[in-house]
Amino acid sequence: SMTLLMTFALIAAGVALLRQAKALLNTKGLPYREIQFDVGQPKVDGVEYVNVAEFKAQNPQAKTAPQIFVQEGDAQVHVGGFTELRARLG
């Protein structure tokens, strides 16, 4: 099974696409980890965060939210956004 790492911005469009991505993964029975961009918001216990500036520096191709990654063995492969996830999963 593959695990998807999802990062997203706290904006309406990103949240809507995140819900669609999670629904697609749940329908396919695929587990995932959800990680929020740290944009200075109050933190919630039990939620994983990634610094948005560091993320953008490491992933300059990432322009939209959510951003989805697949763990393949020891490597983390960038899938893209929801559209790319849907195409990858067929």
Side-chain angles (χ1 to χ4, degrees):
S1 70
M2 61 182 169
T3 302
L4 300 181
L5 165 69
M6 311 181 84
T7 54
F8 63 97
L10 298 176
I11 56 172
V15 171
L17 289 173
L18 175 68
R19 284 191 190 117
Q20 291 179 39
K22 288 165 63 172
L24 176 61
L25 295 172
N26 288 333
T27 298
K28 299 280 187 181
L30 297 171
Y32 59 87
R33 258 172 65 213
E34 184 178 320
I35 301 176
Q36 293 190 24
F37 283 134
D38 180 353
V39 291
Q41 74 274 37
K43 304 302 179 285
V44 176
D45 285 344
V47 175
E48 204 173 338
Y49 296 90
V50 63
N51 180 282
V52 70
E54 290 174 14
F55 178 86
K56 285 182 176 181
Q58 294 170 355
N59 302 281
Q61 76 284 8
K63 306 287 185 210
T64 60
Q67 286 297 309
I68 301 165
F69 296 79
V70 177
Q71 192 71 37
E72 293 181 346
D74 292 337
Q76 200 174 74
V77 179
H78 184 243
V79 172
F82 174 70
T83 302
E84 291 81 13
L85 173 65
R86 189 174 49 198
R88 182 182 179 112
L89 296 180

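- If you take CZ on R86 and CG on L17, they are separated by 9.0 Å, rounding to the nearest 0.5 Å.
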Query raised in the report: Should R88 and V70 be marked as a side-chain contact (heavy atoms from CB on, under 4.5 Å) after you check the CA-CA gap, both sets of side-chain angles, and the distance that decides it?
Result: CA-CA 11 Å; R88 182 182 179 112; V70 177; 3.9 Å; yes
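- Contact between G80 and E84 at its shortest, heavy atoms only, is C-OE1, 3.8 Å.
- The one candidate from L24, V79, T27 that meets the side chain to side chain contact (heavy atoms under 4.5 Å, CB included) condition with L89 is L24.
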Query raised in the report: Going through the distances and angles, do Q36 and Q41 end up as a side-chain contact (heavy atoms from CB on, under 4.5 Å)?
Result: CA-CA 10 Å; Q36 293 190 24; Q41 74 274 37; 3.7 Å; yes
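- Using the six-membered ring where Trp is involved, F69 and H78 have ring planes that are tilted, between 30° and 60° apart.
- Considering NZ of K22 and CG of L85, their distance stands at 13.5 Å, rounded to 0.5 Å.
- Here the side chains of E34 and V47 are not in contact, with every heavy-atom distance at 4.5 Å or above.
- Hydrophobic clustering places V39 together with I35 (ILVMFWY residues linked when any side-chain heavy atoms are closer than 4.5 Å, directly or through intermediates).
- Here the shortest heavy-atom pairing between Y49 and P42 reads OH-O, 4.1 Å.
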Requested in this report: Given side-chain contact (heavy atoms from CB on, under 4.5 Å), test N26 with Y32 step by step and report yes or no.
Outcome: CA-CA 9 Å; N26 288 333; Y32 59 87; 3.5 Å; yes
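- To the nearest 0.5 Å, atoms CG (D38) and CD (E48) are separated by 12.0 Å.
- Side chain of N59 to backbone of Q61: no donor-acceptor contact under 3.5 angstrom is found.
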